[in-house]
Amino acid sequence: MRKRLSLVLAATVALALSPAVPSAASTGSTAAAPVDLDALFVGAHPDDEAFSLSTLGQWNEDHRVRTGVVTVTRGEGGGNAVGPEEGPALGLLRESEERAAVGKAGVREVFNLDDVDFYYTVSAPLTDQIWGADTLEKVVRVVRQTRPEVILTMDPAPSPGNHGNHQQAARLAVQAFYAAADPKVFPEQITREGLRPFAPARLLLGGGRGTSQNGPSCASTFRPNNPAQNVYGVWSGRASQAQGRTWAAIERDAQRTYASQGWAVFPDMPSDPNQLGCDFFTQVDSRVPFPEPGSAAAAAPTAILDGALTRASGAVPLGTLFGLRTSTFDVRPGTPFTVKVSATAPSREPLGRSSVTLGVPAGWQVGGSGELGRLSAGRTGTATFTVTPTTGTPTTGTPTTGTPTTGTGRARVSATLTTERGRGYTDRQVELSPPVRAGQQLLPQVAQYEKWTSEVGVPQLRGIVTPVLTLPSGGSRQVGVVVTNVSDAARSGTVRVDLPAGFTADRVEAPYSDLAAGASTTVPFTVTNSDPSLKTSNQGGDYAYTISVDGAVASKPALELVPAASVPQASPTVDGVAGDGEYPGPALDISRLWEGTACSSAADCSGTARLAWHDDTLYLLVQVQDDVLGTRLAAADCKRHWRTDAVEVTLDPRGTSENTSTTFKTAVLPVTAGSDVAGSATTGPPCFLRDADNRQGPGEQTAPGMRVASKVAPGGYTVEMSIPLELLPGSVDPAHLGLNILVYDSDTQDKTGQTRIGWSTWGGVQGDPYRWGVATLTGYRPPADRPVPDPVIPDTALSSLDSPQSLEQAVRVHVPLAGGPAAKESESGQAVSATAGQEGVQVTLRANAPGKAHLFVRDAQGTAGSRVVTVSRKGVTTVTVPLTRALAARAAVVAGWEAPGGGTATSQVTVR
């Protein structure tokens, strides 16, 4: 690869000119050029890249691709299966795990952005609110500094169970792909910091929606659900020449490095390569030519690199830009649209006489010339075509490869570049639509995501989440059908819903009239679950149905049944025992598998729950069968309940919350670890907490007045609790209280869980209030206007200034900390010498202005001492860093400088 060769030559020259052992190194406004990366993965937490390491390792070993990882948070909100660390201390631990894990794939650079990992949520809007507007600026700065040709990221869509932090990290990566190239976006990075706009070549999401076979053909046998989508696979069964094992096995070793997350127990990968599959990646956009779908190059391990970092046989030279844009994403039969194709020759290499051929689905009409003329070095040629879809044409394909399928949907418009120096291919999706579209109303998160795709200009990412609405078992709700007129004239017509067995509607058809061009209207239907015996939750609660408009099928959304319960009035005593008449209602089955390994039997894990209410208090009695109790946590460690056996109760006051910040969530550990006067281990009482809701923390502090009791016996335990409804953030709707009861089962003593069961069970349901069950409190009258307090969100994250590994990387790769700017030279400071003494290490600092120095004494064994020093004046200052142990080999001081006007600098000196 030409780029990598230039880097190697530059490094060779630099080594020849620099001293063998430099006395100091630093980053700041006058530092050397930042590291030049080939690829960049953008994730939210340490371990988000862990299922792509097989691919990154292959690229590094076979093609010397240098990949970096952007990690927005250090995962301080996660669990810890290996120690008591939490908050910033856990962030430091998880960063260390990540650096060790990615190193197994040859990845050395991890760029932490220091945003807070607050708690598990499936809400991208809440994540965006907490992270703040500056996170995009930080990602763009890292892209402009490191200049990667390929950007990889996660799923930006609110797919069921998809972590909201993952969604938001992916959206930031997508936005940065475009923003980094635009000098009008964050212009101060260019005018004040000296960065240059940079346009990455290709953008891809991890994963692919579709099916494939395992083994060497996993890439070529992949069949995407959307046939106009470009999905590439890299087989994990290939063996590393250097390590002599499959990359799947190496990746699994890397994943086990995340011991704090309980991953150390991950099983071995199959030894038979034919049982191993691919890492899949879905392309969002490309500025360069890429392998044509169905070709051998598209199934090769280099398919994602081709055009950006590698050159396939017969392809145009690297550095060639090739792109296709359509005048509209939504196209209609009989209505022409414009396609503009442009090709630019590399800056130092001509392409010669060049032309473009357009590929469209069979039957579509194309007008226009594809001649580009002679493209000399750096010259751009453009061809414009007019394309007219015809009625009843294939949804995808080209004139020679079109399928016989007819109808509407996604279609691929492609362009093939022919030059004297090789060929190139590119394509773009469009959506063939009827004059009027109709679909089920969207959930708030999905509607927000669809709006985002429009604002960012990535319509190819819209519509990938099946529209769903929840309905309580045996209940009713209004379902709005949104009708949109995408034609050029007003329309009138009929909307029809065809429901599955067990559901009825107040009407089957309804009219819409005089709908203006480009306008939308909502047609309401009242839908009832007429057969309460139908399965709910993930046992089969998704019920697809059809919406038609003007006689044609328009969409196929789904209704999701959630369980429902009527809570009787009674007056239980909270003692861990179900007394006579205390819970007169029927028991709720909470044995449905939610996540993890299925229960081997009812004795392994199963349960029931009973509820009652009295005055302004809700009572619950949960009986769990569990033949092996998990780790008994100390009462002081009553947090992160998923590490052991626990019962979680979630309450959404009015059943309308978009995320859990406006809900009440509590968890009870049935037993804790205690000790007698001699220090011997004993069984301690239950404890309770609140987590991932409107206010988190120890139960006594965050839920005053709540009471818990438990009884533990051979084969299981009983937990009973009373929850004053005044603790909930807002008044309860007696007819629609969102409720869920979830059981976490652990059969180990290593703070890892195996199975999660519950009442309303869906993937990620603990963060999805709309999928909780519905409880009715007949006769309950809530106090009026009970306030909804502002949510308390954890906001403590580790600063990169307090991470010696981040400081060392900043010195090595010349990229400032945390995606922020370098300190101005006039405000910078650095360590210039370090000397070992009896009381510690004496460090001499040279400051150009007052500031704060974060100092770490590091050696072959890690950190031997640290200190944060406030420097009050310009000039030279000497401070002593105390040591916690004797120094080992290769001792050095690494320093982070916090400038008063913002920005950082880093430096490193050898201890003498």
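Start at 1 with the first residue, then count along the sequence. Worth knowing before you read on, the calculation uses all heavy atoms, side chains too, and leaves out hydrogens, waters and symmetry mates.
- Not one N or O on the side chain of Gln229 forms a donor-acceptor pair closer than 3.5 Å with the backbone of Thr282.
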Just do the side-chain contact (heavy atoms from CB on, under 4.5 Å) check on Leu725 and Arg786 with the steps written out, would you?
-> CA-CA 10 Å; Leu725 294 178; Arg786 185 164 269 168; 4.0 Å; yes

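- In this structure a side-chain-to-backbone donor-acceptor pair under 3.5 Å is present from Ser473 to Pro532.
- Within the 3.5 Å criterion, the main-chain N or O of Glu658 finds a donor-acceptor partner in the side chain of Gln445.
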Take Thr644 and His641 through the side-chain contact (heavy atoms from CB on, under 4.5 Å) test and state the conclusion after the steps.
-> CA-CA 6 Å; Thr644 188; His641 54 283; 5.9 Å; no

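- Evaluation of the side-chain contact (heavy atoms from CB on, under 4.5 Å) rule for Ser601 yields Ala603, Asp604 as partners, not counting sequence neighbours.
- A side chain to side chain donor-acceptor pair (under 3.5 Å) with Thr761 is found for exactly one of Asn538, Asn740, Thr536, namely Asn538.
- The stretch residues 756-790 participates, sequence neighbours left out, in these ring pair (Phe, Tyr, Trp, His ring centres under 6.0 Å) pairs: Trp613-Tyr780.
- Distance check, rounded to the nearest 0.5 Å: CZ of Arg171 to CG of Leu461 gives 10.0 Å.
- At a threshold of 4.0 Å, the pair Glu450-Arg462 does not count as salt-bridged, since none of the basic side-chain nitrogens sits closer than that to a carboxylate oxygen.
- Between the side chain of Asn529 and the main chain of Gly502, a donor-acceptor pair closer than 3.5 Å is present.
- Counting only distance, with no hydrogens or angles, the side chain of Ser487 and the backbone of Ala489 share a donor-acceptor pair below 3.5 Å.
- Side-chain contact annotation: Glu720 with Tyr583, donor-acceptor N/O pair under 3.5 Å present.
- Contacts classified as ring pair (Phe, Tyr, Trp, His ring centres under 6.0 Å) and involving residues 495-552 (residues at least two apart or in different chains) are given here: Phe503-Tyr543.
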Trace of the side-chain contact (heavy atoms from CB on, under 4.5 Å) decision for Val577 with Lys711 | CA-CA 8 Å; Val577 177; Lys711 297 291 185 181; 4.0 Å; yes

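- Atom OG1 of residue Thr660 and atom CG of residue Leu651 lie 12.5 Å apart, to the nearest 0.5 angstrom.
- Under the 3.5 Å distance criterion, the side-chain polar atoms of Ser746 are left unmatched by any main-chain donor or acceptor of Asp645.
- Although no hydrogens or angles enter the test, the distance criterion places no donor-acceptor pair under 3.5 Å between the side chain of Asp615 and the main chain of Thr617.
- Between the side chains of Thr127 and Asn165, a donor-acceptor pair is found at a separation under 3.5 Å.
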Trace of the side-chain hydrogen bond (donor to acceptor under 3.5 Å, both in side chains) decision for Arg410 with Gln429 = CA-CA 6 Å; Arg410 295 289 173 90; Gln429 292 183 51; 3.0 Å; yes

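- Under the side-chain hydrogen bond (donor to acceptor under 3.5 Å, both in side chains) criterion, Asp652 pairs with Ser657, not counting sequence neighbours.
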Could you go step by step and tell me if Glu648 and Ile741 meet the side-chain contact (heavy atoms from CB on, under 4.5 Å) rule?
-> CA-CA 6 Å; Glu648 182 177 48; Ile741 304 166; over 6 Å; no

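- A donor-acceptor pair under 3.5 Å is formed between the side chain of Lys665 and the backbone N or O of Gln766.
- To the nearest 0.5 angstrom, Asp747 atom CG is 6.5 Å from Thr755 atom OG1.
- For Thr656, the side-chain contact (heavy atoms from CB on, under 4.5 Å) criterion is met by Arg654, not counting sequence neighbours.
- When atom types are taken as modelled, the side chain of Arg477 and the backbone of Thr470 share a donor-acceptor pair closer than 3.5 angstrom.
- Residues that satisfy the ring pair (Phe, Tyr, Trp, His ring centres under 6.0 Å) test with His163, not counting sequence neighbours, are His45, Tyr120, His166.
- Residues Asp693 and Thr702 fail the side-chain proximity criterion, which asks for heavy atoms closer than 4.5 Å.
- Counting only residues at least two apart or in different chains, salt bridge (charged side-chain N to carboxylate O under 4.0 Å, His left out) contacts with residues 524-533 are absent.
- Taking the side-chain hydrogen bond (donor to acceptor under 3.5 Å, both in side chains) definition, one finds that Glu560 meets it with Arg771, sequence neighbours left out.
- Between the side chains of Asp575 and Thr573, no donor-acceptor pair is found at a separation under 3.5 Å.
- Qualifying ring pair (Phe, Tyr, Trp, His ring centres under 6.0 Å) partners for Trp452, counting only residues two or more places apart in sequence or in other chains: Tyr449.
- Between the side chain of Arg332 and the main chain of Ser433, no donor-acceptor pair closer than 3.5 Å is present.
- Residues in residues 556-575 take part in no ring pair (Phe, Tyr, Trp, His ring centres under 6.0 Å) pair, two or more places apart or across chains.
- Within the structure, salt bridge (charged side-chain N to carboxylate O under 4.0 Å, His left out) pairs that include any residue of residues 434-448 comprise Asp330-Arg437 (at least two apart or interchain).
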Verdict with supporting geometry, Ser661 and Asn659, side-chain hydrogen bond (donor to acceptor under 3.5 Å, both in side chains) = CA-CA 6 Å; Ser661 70; Asn659 61 71; 2.5 Å; yes

Kindly indicate, with the supporting measurements, whether the criterion side-chain hydrogen bond (donor to acceptor under 3.5 Å, both in side chains) is fulfilled by Ser159 and Arg209.
-> CA-CA 11 Å; Ser159 308; Arg209 291 172 167 84; 2.7 Å; yes

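- Between Trp594 and Tyr744, the angle of the ring planes goes over 60°, which puts this pair in the perpendicular group of the 30/60° scheme.
- With values rounded to the nearest 0.5 angstrom, Lys556 atom NZ is found 5.0 Å from Thr546 atom OG1.
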Which donor-acceptor pairs under 3.5 Å do the side chains of residues 619-627 make with protein atoms, sequence neighbours left out?
residue : atom : partner : partner atom : Å
Gln625  : OE1  : Ser606  : OG           : 3.2
Asp626  : OD1  : Val628  : N            : 3.2

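- A side chain to side chain contact (heavy atoms under 4.5 Å, CB included) with Arg491 is found for exactly one of Thr484, Asn485, Val549, namely Asn485.
- Atom CG of residue Asp514 and atom OG of residue Ser492 lie 4.5 Å apart, to the nearest 0.5 angstrom.
- Counted by atom type alone, Thr528 and Ser476 present one or more donor-acceptor pairs between their side chains at under 3.5 Å.
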